[in-house]
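A short write-up of the structure that comes next.
In this text the structure is predicted, and so the values were computed from the model without any measurement. A note on names: the letters A, B, ... follow the listed sequences, proteins ahead of strands, and every chain is numbered from 1.
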Amino acid sequence: MTNTPTPLAPERAKQLAAEYGLKPDEYDRVLAILGRTPSQTELGLFSVMWSEHCSYKSSRVWLRELPTKAPWVIQGPGENAGVIDIGDGLAAVFKMESHNHPSFIEPYQGAATGVGGILRDVFTMGARPIANLNALRFGMPDAPRMKQIIDGVVRGIGGYGNCVGVPTVGGEVNFHPAYNGNPLVNAMTVGIAPADRIFYAKATGVGNPVVYVGSKTGRDGIHGATMASAEFSADSEEKRPTVQIGDPFAEKLLIEACMELMETDAIVAIQDMGAAGLTSSSVEMAGKGGMGIELILDHVPQREAGMTAYEMMLSESQERMLMILKPGREAEAERIFRKWELDFAVIGHLTDTGRIVVRHRGQVEADIPLAPLESEAPLYRRPTAETPKQPVLDAASIPDPVGIEAALLKLVACPDLCSRRWIWDQYDSMVGGQTAKRPGAADAAVVRIEDHRRALALTTDCTPRYCQADPEEGGKQAVAEAWRNITATGAKPLAITDNMNFGNPEKPEIMGQFAGAVRGMAAACTALDFPVVSGNVSLYNETEGTAILPTPAIGGVGVLEDVAQAVGLALPPGLDLIVIGETRGWLGQSLWLREIAGREEGAPPPVDLAAERRNGDFVRAQILSGAVRACHDCSDGGLLVAVAEMAMAGGTGVSLLPPPAGIPAHAFWFGEDQSRYVLAVSDASAVLQAAQQAGVPAARLGKSGGGDLVLPDGRSISVGSLREANEATLPALMEGG
Amino acid sequence: MRAGIVIFPGTNRERDIALALRQVTGRKPDVLWHRDTELPQGMDLVVLAGGFSYGDYLRCGAMAAQSPIMRAVKEFAAKGGHVLGVCNGFQILCEAGMLPGALLRNASLRFLSMDCHMRVERADTPFTNRFQRGQVFRATMAHGDGNYFADDATLDRLEDEGLVALRYTTPAGEVTAAANRNGSARNIAGIYSPNLRILGLMPHPENQVDPLIDGTDGLPLFESLAASFATA
């Protein structure tokens with residue numbers, strides 16, 4: 001047996017380092033750490049651990065600014081997922097993660113394995129997954145390959161989620177040409193665990209066995225993490241072999257087997273093999289515990305013959321987990337995994353050396369100190385350039401070219417506002433029997449916890465066009481909208497996960513967007529007591545040098561003590577409609593401006609965080625008091641679109657009151673002022689009086705009933721024709737022609 | 001009523017079925033493992049729940065139909081035992097030869113997850129005695145392969161012998177093509193065995209049993225079963 005790895009020839013090593021994505025100064029650091037030239041396996045380990053995807057080397061200095069603490073936070077960022085206390089002795093475990101690059105190259109498998117990966121991040125902490133959500137950004141449907149990408153992504157998310165039996169209960173979709181060459185697929189999973197029984201990744205106990213469970217290791221996904229850390233070019237198609245293949249059936253078995261083993265106390269630490277597979281899971285677990293780890297790759301279950309150490313360490317084969325067991329508990333654990341027809345192998349043990357040693361066929365293939373590999377990855381404070389502020393548009397100077405009715409019909413049919421039914425209808429949103437508000441029924445999905453009255457309200461939100469115009473206001477707005485959507489169901493918002501999707505961080509204007517978005521998010525999280533407990537960063541979202549819109553997608557979680565208190569947006573007849581919050585008619589960056597006036601410009605609507613909090617707390621209290629029969633926030637498309645959406649969901653009309661003097665009608669109805677809600681109540685005067693006492697702006701908007709949306713001037717649109725326009729768009733785009 | 005739910009690798013609606021059964025019986029159903037070769041004594045009802053048994057990587061239900069427990073389930077049915085197969089369970093019953101016909105890919109070639117309405121074709125069976133004949137109820141459907149197919153002779157026999165249990169209809173009970181989203185022959189959503197003790201259906205009435213979640217349209221099916229065994 002050889003006890004030192006065989007170094008590559010120096011010139012070859014340098015060349016390979018560049019191929020694996022290491023910058024010259026990073027490679028010099030590798031040489032200094034090892035004191036010699038690395039072996040191929042060692043070079044592979046450094047390159048994936050130090051990739052942007054695994055090390056967060058460009059984003060970490062900024063992410064530190066985000067608030068991560070609250071009395072209900074059990075585990076903040078740094079673990080596989082965030083954990084919060086939701087009462088009744090329960091914890092919610094959740095995270096959102098991107099699979100952008102793989103989904104562009106191979107839409108079905110890219111999206112499917114995105115769902116699989118985020119599920120594992122959650123159940124590895126001991127939580128049974130109870131809901132999936134997603135945040136999708138596509139290019140325009142007529143862009144090259146885009147229909148195929150949309151179709152593949154939707155089928156992939158459904159194919160995986162439906163099979164594992166976790167309901168897909170919510171999400172959001174935007175379309176914009178900036179995503180033509182780089183769509184975004186962000187998947188979120190929420191799970192439930194006993195609050196006093198969370199599993200962590202910190203490995204302890206010299207000699208404790210390192211156990212591999214799940215599917216076999218193959219040659220798929222090698223260097224996936226490196227691929228996700230570079231821009232796209234015309235030859236990206238050639239990267240298809242770096243995309244992994246998902247097996248949701250194996251994942252389902254893995255969930256059940258892990259849940260069963262977690263009922264015992266045999267596990268010391270556990271982590272899924274996600275990006276950079278065996279490398280990141282072993283390095284991170286041992287690193288977090290301050291241990292060393294020794295792996296014998298001959299024992300790794302392998303799908304194909306003749307795999308090298310380099311290939312096994314970098315494979316991103318799916319549905320695999322790594323565990324540290326208590327000594328002597330191997331047989332008990334193996335019995336459970338065999339029962340579920342999964343592979344189980346002891347592939348090494350913990351040491352006290354502080355090093356990772358990888359052995360294969362009697363050779364030491366890698367021998368690296370863990371600390372520099374895991375926690376001393378390079379850290380960059382890259383230069384930033386602020387996004388120039390855009391002027392605030394004066395609504396009075398923007399004429400209305402088409403009138404209110406025509407604009408409304410066009411807006412409810414535009415890709416960003418049309419019905420998402422074509423997508424939801426392919427996702428099982430009901431499996432589990434706990435989905436109280438399914439997609440489209442409320443501003444946030446509401447999922448009850450089995451055998452409890454308690455329920456979670458879940459949402460994903462971001463308005464990328466606001467972030468593009470003003471990253472700080474956009475970041476603030478993304479967090480505020482998640483908080484608002486949870487509030488609109490009656491739930492108390494508790495915490496978020498963030499999925500930061502940006503372009504190439506080496507460009508100062510991109511890094512400026514990132515820094516600005518974080519600043520805005522941090523302000524909103526602080527003002528709303530809505531901390532970040534987990535997250536993911538996806539950079540280099542560029543193709544041929546063109547970046548996506550900055551997209552800090554927010555996944556929010558809130559709690560309702562009693563599922564019976566949840567309200568949806570479907571409007572019943574015979575009620576008064578009230579708008580909460582101040583309407584000024586802000587047209588800058590509105591969908592009306594883009595879709596009707598053909599302009600994407602101006603400053604986005606600012607969020608007054610004090611007003612946000614005051615308005616939201618008032619609305620929630622009114623809902624919990626039982627005064628509110630339906631509630632919907634005002635977001636994309638403004639007030640009239642919000643009313644139309646409530647009318648369409650409830651199948652009932654609305655007669656609207658005239659807007660106040662001083663605001664042009666189109667700005668009043670379609671402006672996107674923030675922090676507003678539409679409430680349907682049976683006793684308007686009581687609610688208006690309470691609002692006045694609370695210092696919350698509130699005004700009558702109209703009355704529900706009949707089959708038409710009747711404008712103040714007496715002109716009307718039938719709810720049926722609105723629905724028709726709203727429902728026709730996606731099927732026509734996807735199934736037509 | 002003593003009920004058991006079979007767990008195959010990939011079964012995923014067993015919790016939903018258990019909730020529905022608990023709602024009407026107040027007790028937890030037994031869990032039956034696919035490798036078991038016999039059923040516990042005193043079983044009144046065996047349920048094959050929804051999911052993706054063996055990943056549905058072969059024809060849906062084909063692998064599960066060959067598993068050890070299915071021999072026991074067949075013996076149980078042959079002795080007059082009651083069996084309910086929902087979604088993947090219906091596919092397994094067809095693959096096992098316990099019900100005629102097959103479930104093909106949905107006509108749209110897409111997974112369909114949505115509400116559907118079904119008309120109860122007869123109300124004198126152990127599964128439907130708490131419904132009215134002709135009653136229409138709403139249920140979740142969630143499947144990729146729910147397009148019921150059989151040859152015309154088989155379909156005629158099912159009709160003649162009153163073995164069509166449920167048909168996809170409009171909320172008003174009309175049998176239309178638009179109401180038949182998966183393209184099933186003659187809008188068939190569920191069928192009985194000749195002794196009316198085996199029911200296979202594609203939609204999930206177990207998801208409509210709780211007023212706090214999504215209404216109780218599906219509850220009469222489970223109440224019917226509970227009533228059948230309370231008086232037996």
Please round to the nearest 0.5 Å and tell me the distance separating atom CG of A:Asp428 and atom NE2 of B:His143.
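Going from the CG atom of A:Asp428 to the NE2 atom of B:His143 covers 11.0 Å.
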So, taking the atom named CG in B:Asp115 and the one named CG in A:Asp425, what distance separates them when rounded to the nearest 0.5 Å?
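The distance works out to 9.5 Å.
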Between B:Met114, B:Gln208, B:Arg110, which has the largest tally of heavy atom pairs under 4.5 Å with chain A?
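So the answer, after comparing B:Met114, B:Gln208, B:Arg110, is B:Arg110.
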Where does B:Thr11 contact chain A at under 4.5 Å (heavy atoms): side chain, backbone, both or neither?
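Contact with chain A: backbone only.
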Between B:Asp210 and chain A, which part of the residue has a heavy atom less than 4.5 Å away: side chain, backbone, both or neither?
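B:Asp210 touches chain A through side-chain heavy atoms alone.
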Taking only residues two or more places apart in sequence, or in another chain, which ones meet B:Asp214 in a salt bridge (Lys or Arg N to Asp or Glu O under 4.0 Å)?
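Expected list: A:Arg438, B:Arg138.
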Between [X] and [Y], what is the shortest heavy-atom contact and its length?
X	Y	value
B:Phe52	A:Asn162	CE1-O, 3.3 Å
B:Gly10	A:Lys252	CA-CG, 4.1 Å
A:Ser429	B:Ser113	N-OG, 3.7 Å
B:Ile213	A:Thr435	CG2-O, 3.4 Å

Top contributor to chain B interface from [options] [non-hydrogen pairs under 4.5 Å]:
options	value
A:Gly158, A:Gly432, A:Ala441, A:Ala455	A:Gly432
A:Ala436, A:Cys163, A:Gly165	A:Cys163
A:Asp247, A:Val154, A:Val164	A:Asp247

Contact origin within [X] toward chain B - heavy atom pairs under 4.5 Å:
X	value
A:Trp340	side chain
A:Glu450	side chain
A:Lys437	neither
A:Val446	neither
A:Val563	side chain
A:Arg155	side chain

Within a reach of under 6.0 Å around CD of A:Glu561, are more than 12 heavy atoms found that belong to other residues, nucleotides or ligands?
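Result for CD/A:Glu561: open.
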Does CZ belonging to A:Arg128 count more than 12 external heavy atoms closer than 6.0 Å?
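Yes - once you tally the heavy atoms of other residues, nucleotides and ligands closer than 6.0 Å, there are more than 12.
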Please check: side-chain N/O of B:Asp16 versus main-chain N/O of A:Gly433, any donor-acceptor pairing under 3.5 Å?
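At least one qualifying donor-acceptor pair exists.
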Can you label the angle between the B:Tyr57 ring and the A:Phe249 ring as parallel, tilted or perpendicular, going by 30° and 60°?
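Answer is perpendicular, since the angle exceeds 60°.
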Do B:Leu19 and A:Gln434 pass the side-chain contact (heavy atoms from CB on, under 4.5 Å) test, and can you show the C-alpha distance, the side-chain angles, and the key distance before you say yes or no?
CA-CA 10 Å; B:Leu19 284 171; A:Gln434 304 294 343; 3.3 Å; yes
Is it true that A:Asp451 and B:Arg15 make a salt bridge, defined as a side-chain N closer than 4.0 Å to a carboxylate O?
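No.
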Hey, which of B:His204, B:Arg13, B:Glu206, B:Met141 is the one that makes side-chain contact (heavy atoms from CB on, under 4.5 Å) with A:Met430?
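When B:His204, B:Arg13, B:Glu206, B:Met141 are each tested with A:Met430, the side-chain contact (heavy atoms from CB on, under 4.5 Å) holds only for B:Arg13.
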Does B:Phe137 have any ring pair (Phe, Tyr, Trp, His ring centres under 6.0 Å) partners at least two apart in sequence or in another chain, and if so, which?
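B:Phe137 satisfies ring pair (Phe, Tyr, Trp, His ring centres under 6.0 Å) with B:Phe131 only.
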